[in-house]
Amino acid sequence: LLAFAARGLPAGHDNWRRAMYNELTHVRGSASRWRFSLGCVAAITRIQTRSAVCTPPPGTRIVRAVVLGGIATAAALTAFGLERYPELRSASGTWPAIAACVALLVAYAVMALVLSGSVRPGAMLARRHGLIGGLAVGGAWFVILSPTHVLKAWVALPLVVVLLGPACTAALVGRAAREPRAATHAALWSGIIGGLVAFAIWMTATYVRAGRPYDAGLIRDFHRSGAPSLPAYAVGENFGSGLVLLMLVPIVALALGSLAGRAAAAASRT
Amino acid sequence: VPRIRRPSSQTARVLGALAAQPSEWRYGYELALETRLQSGSLYPILVRLSEREILESRWEAELPSGRPPRHLYRLTTGGLEFAREHASPLGPVPMRRRPELRSAS
């Protein structure tokens, strides 16, 4: 456990990795050893986080700014919904959904910090391509959710971009870097940035349209729920869908991207 | 020693433990028991103190049979001055901790 966790320590901390590991061999008693090991894992996480926050590797400023900006925007949009539709605050399920949203945003921040810690050429390539892939996925969501007829006519193309964009990004990185790990990182970056942009667009569109369109199913569910306001009910439903986007976009990106990236990396080596 | 803001209470406890025997080299688990800090809190403090040149370290020379050398720590000259200014005196170590401390030394 300790050896695995210590792999994540930043460069220049090799002595500390060895210090913790060697110290463990001198600790007696199973419970004490477990306590010491788990403490060391927590220490490694703290050292890693501090190093990632205080000394960002070169070339990570833009991608970090985009992710942190996306997280701040998502949090602000969530807070805006609670302020604009106060009925939501007393609705059942709102606070668990808010807790899930906070947990997801924290997970996004941690993933971005961990992924931006490496200075390997493959990791840097993954960040650059992942940023472009993520913005492309976000742009595609903008077109999909756009109310104008001109953009609606092109709806099939952005759907393809949403589904295959991270996979193409990962394949490009896998081929150029010749390592599956870099390709997986690129896919994950695409998913993180794409997920945040998609959530921001989805919730902005929700507020602009006050949760419209209200289809027959939604109106029926609204009457059954006993909720006091249809717009607030519709916004709450859309917030739930936004959370699903926030979860699914990175998962789909990671699944398709790592497959495509591995295939491209393998092909480039043969 | 670089300019440093006032240390946290946990850091002050570590400084107190090190300043109590400034010429002795101390190892991590011993410090953890003495300061009653978990290794999760202790090691980030040791890393920070080391980066700020308050602490010097070396590897254990005389090895117990078949065991890898431990990392040992003590205050630098500047670190001792800093510790005298900021260290917290340690309270008594709880009884249940003492046997572990003896077995680890």
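All chains are named by letter (A, B, ...) in the order of the sequence lines, taking the proteins before the strands, and each is independently numbered beginning at 1.
- Of all the listed residues (A:Thr25, A:Thr45, A:Asn22), the one sharing the greatest number of non-hydrogen pairs under 4.5 Å with chain B is A:Asn22.
- One finds no salt bridge joining A:Arg18 and A:Glu23 here, because no Lys/Arg side-chain nitrogen approaches an Asp/Glu carboxylate oxygen to under 4.0 Å.
- Distance CG/A:Leu188 to OH/A:Tyr108: 9.0 Å, rounded to 0.5 Å.
- The pair B:Arg74-B:Glu24 does not count as a salt bridge, with every side-chain nitrogen at least 4.0 angstrom from each carboxylate oxygen.
- Both the backbone and the side chain of B:Leu46 have a heavy atom closer than 4.5 Å to some heavy atom of chain A.
- Proximity to chain A (any heavy atom under 4.5 Å) is restricted, for B:Ser50, to the side chain, taken from C-beta onward.
- Scanning for side-chain hydrogen bond (donor to acceptor under 3.5 Å, both in side chains) contacts around B:Thr11 gives B:Ser8, with sequence neighbours left out.
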